[in-house]
A.B. asks: 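Got a structure here, written out as structure tokens. Questions coming.
What you are looking at is a predicted structure, and each value in this text was computed from that prediction instead of being measured. Within every chain, numbering begins at 1; the chains are lettered A, B, ... in the order of the sequence lines, protein sequences first and strands thereafter.
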There are 2 protein chains.
Amino acid sequence: MSDDKRSDDNRPTIYDVARQAGVSKSLVSLVLRDSPGVSEKRRTAVLQAITELGYQPSRAAATLAGHHSRSIGVIIDDYRNMWFVELLEGIRHVMDAHGYHVTVSDQHSTGVLRQSALDGFLSMNVDGIVFAAEPGTEGIRPVGVPVVIAGARDTTMVGADIVRNDDALGARLAVDYLVGLGHRHIGHLTAAGGSAARRREGYQEAVQAAGLTPHLAGLGGPATEEGGYQACLALLRAAPELTAILAANDTMAFGALAALSEQGRAVPTDVSLMGYDNSPLAASRYLDLTTVDNRNFDVGVQAAETLLARITQNDPAIPPISIPPALVTRSSTAPR
Amino acid sequence: MSDDKRSDDNRPTIYDVARQAGVSKSLVSLVLRDSPGVSEKRRTAVLQAITELGYQPSRAAATLAGHHSRSIGVIIDDYRNMWFVELLEGIRHVMDAHGYHVTVSDQHSTGVLRQSALDGFLSMNVDGIVFAAEPGTEGIRPVGVPVVIAGARDTTMVGADIVRNDDALGARLAVDYLVGLGHRHIGHLTAAGGSAARRREGYQEAVQAAGLTPHLAGLGGPATEEGGYQACLALLRAAPELTAILAANDTMAFGALAALSEQGRAVPTDVSLMGYDNSPLAASRYLDLTTVDNRNFDVGVQAAETLLARITQNDPAIPPISIPPALVTRSSTAPR
DNA sequence: CGCTGCAATTGGAGCGCTCCAATTCAGTAT
DNA sequence: ATACTGAATTGGAGCGCTCCAATTGCAGCG
């Protein structure tokens, strides 16, 4: 025992495990990456040695030696925009099953080296990246690993695959639903940004298809609660006859709720209000907002599978995938 | 002279940079870790070579060779509990300045190897960990790196430092404020979990100190919107005379709002409602909730500085730190 | 009973860095 | 010039793994 090479401050290595199990370090490595062709006897011996020593493989060493890290990075905008949560769960659902580690980074995690999230992941040797954010000022450039762009973002990048949710379709779904309820004066709260733009397009198409006049507010503004409040105020001022409003997202609808109540308009009695995203906010009892669900879990699953295909195969034939959204009706909308 | 390894199709290495700049790989390494004692001439030459080649240092190699990764891990409960966001910003504020990378992981990120977040970070060779979650079923055990427990959590761990926010004080602040407003019947919506327990204690102390009777609901229930709704319903049934309610957090207050409006009680006219956390929810125009701010940014700053002290020095004299909370008054509360 | 063939094991050579002891360089004093 | 110094720079030895070619073990076969 006392001639054990391993000192107490140092973590055990693959050699320690090998010695303990009476095998070579190579065999231990094979067991760790559970490759076939290891006899059951040795495998259990190694596994036992691992638990006895409390051995933790070093990801750094494995990455350096193996030229891949079995991990992928997910880049999001901001932890406050919770739409990524389901996306992430979808990604993990797939990646966990394949033994990949998923790490998340927001766009702002630029350290002292002014390193972008992208560069951060690259220097961590990730095997692939899911880009689920609005592209920063720098844009995103081709990098050495596969990239999948997920979500309703306007991003494009040479060689990157795309899995998007069909925002235009979702907005059309919403407007059609409102029209079906008998509304003839339907306004839209929009904002700056790619997904807001696509939702706006869907709104306009559907409104025109129904022979109605579009009413817009918030163009170029922030897609926040405050943005929704201000846009709603402007919309109400410009078009008091509105009986239904579709917000570019749930958060803006939340802001609109404040404006509406301030103006003495009851929801849904006076005006029907719709959000978009089916966030926890929309699902809450107090708001109970009719909204559109982008099915981000499914987007995540598709994104992960696409990325995996790029990583493991060399098969470039992956068409852009679009996940159809679903309408979620609740009590913030009512027949005219 | 034997410094010419080459990598044509692969990413450039430190050797490529060295050759390009006409120096040795060691000098490049010195520049990368900007250590003193490098002449300005060589430094700029190396820096230029780095940009020319688009060189990205390999974190894996640096970690393996250097015995430390210049990165720390932050473990959170769930991306849906947004209280960690400010905490994280505080941590980053400090860590960025020291060139440390911070990665976030939620408790559920156990991959196929049933690896806990803690183990995940350990195998990534992090230099330290901030634990900002309720301890899982497994609890947290001593590990080989410094750990700081941040936030109002009941966690303890041998050798770990603690930076907490004083939940009991915050609840007392809230009750005292309500009492000052003239309320004599003040109820509390509580839940399972460490921080809820401490807030409950503070509530009870303050209520008793004011000579009032405590009214509790939600014991052992979830600290969610639904939990707040159910607890509020129960509270109203048990004690209809209440004119003020303090929820264990903003989300529960959000649920309580639904219960209150369902029961025809106006806020703040009939009952004053307070949340806790000063989350974006409380700050919204539509809710405009009086609440308690735990100053999690400051908690993050302290946690990071404590961790840094443990990592860089060997100075064990760090007392537990407690960040005092602050009352945030808004329009959901009114004089009796 | 040696021989083939395949499965199970093993040692060695790196992966791209950091750290350290050794070396070179330049500046000053002799 | 020469010796002496401290600062700047360098090569070599790993860090803990993976990968690969080489080796061993052990069936079944002539």
A.B. asks: Between A:S24 and C:dT10, is there a side-chain N or O to OP1/OP2 distance below 4.0 Å?
C.D. replies: yes
A.B. asks: Can you sort out which residues in residues 39-46 of chain A have a heavy atom within less than 4.0 Å of DNA chain C? Ascending by number, please.
C.D. replies: A:S39, A:R42
A.B. asks: A:S69 and A:N125: which non-hydrogen atoms are nearest, and at how many Å?
C.D. replies: OG-O, 2.6 Å
A.B. asks: How many Å lie between CG on A:L27 and C1' on D:dT23, as a whole number?
C.D. replies: 14 Å
A.B. asks: Using whole Å, report how far CZ of B:R19 lies from C1' of C:dG16.
C.D. replies: 14 Å
A.B. asks: Starting at CG of A:L32 and ending at P of D:dC19, how long is that distance when rounded to a whole Å?
C.D. replies: 12 Å
A.B. asks: Does B:N294 reach the main-chain N or O of B:N296 with its side chain, forming a donor-acceptor pair under 3.5 Å?
C.D. replies: no
A.B. asks: Look only at the side chain of A:D127 and the backbone of A:R70, and say whether a donor-acceptor pair between them is shorter than 3.5 Å.
C.D. replies: yes
A.B. asks: Is there a side-chain contact (heavy atoms from CB on, under 4.5 Å) between B:D16 and B:Y55 once you walk through the steps?
C.D. replies: CA-CA 9 Å; B:D16 299 307; B:Y55 167 75; over 6 Å; no
A.B. asks: How long is the line joining NE2 of A:H67 and C1' of C:dG16, in whole Å?
C.D. replies: 10 Å
A.B. asks: Given C:dC19, is OP1 or OP2 found less than 4.0 Å from the side-chain N or O atoms of B:R33?
C.D. replies: yes
A.B. asks: Side chain of A:H68, heavy atoms from C-beta onward: which of D:dC19, D:dT18, D:dT10 has the nearest atom to it?
C.D. replies: D:dC19
A.B. asks: Which is true for A:S26 with a 4.0 Å heavy-atom rule: it touches a base, it touches only sugar-phosphate, or it touches nothing?
C.D. replies: base
A.B. asks: Quick check: closest heavy atoms across A:S71 and A:R59, and the distance to 0.1 Å?
C.D. replies: CB-NH1, 4.3 Å
A.B. asks: Could you state the atom-to-atom distance from CG of B:L122 to P of D:dG16 in whole Å?
C.D. replies: 15 Å
A.B. asks: How close or far is atom P of C:dC15 from atom OH of B:Y15, stated in whole angstroms?
C.D. replies: 9 Å
A.B. asks: In terms of side-chain heavy atoms of B:I14, which of C:dT10, C:dC17, C:dC15 is nearest?
C.D. replies: C:dC17
A.B. asks: Considering heavy-atom distances to DNA chain D, does B:P36 or B:G66 have its closest nucleotide positioned more toward the 5' end?
C.D. replies: B:P36
A.B. asks: Parallel, tilted or perpendicular: which describes the rings of B:F84 and A:Y79, with under 30° parallel and over 60° perpendicular?
C.D. replies: perpendicular
A.B. asks: Taking all non-hydrogen atoms of both residues into account, name the closest pair between B:V17 and B:A49 and its distance.
C.D. replies: O-CB, 3.8 Å
A.B. asks: Using whole Å, what does the distance between atom C1' of nucleotide D:dC19 and atom CG of A:L64 come to?
C.D. replies: 13 Å
A.B. asks: Take atom NZ of A:K25 and atom P of D:dC19, then tell me their distance rounded to the nearest Å.
C.D. replies: 13 Å
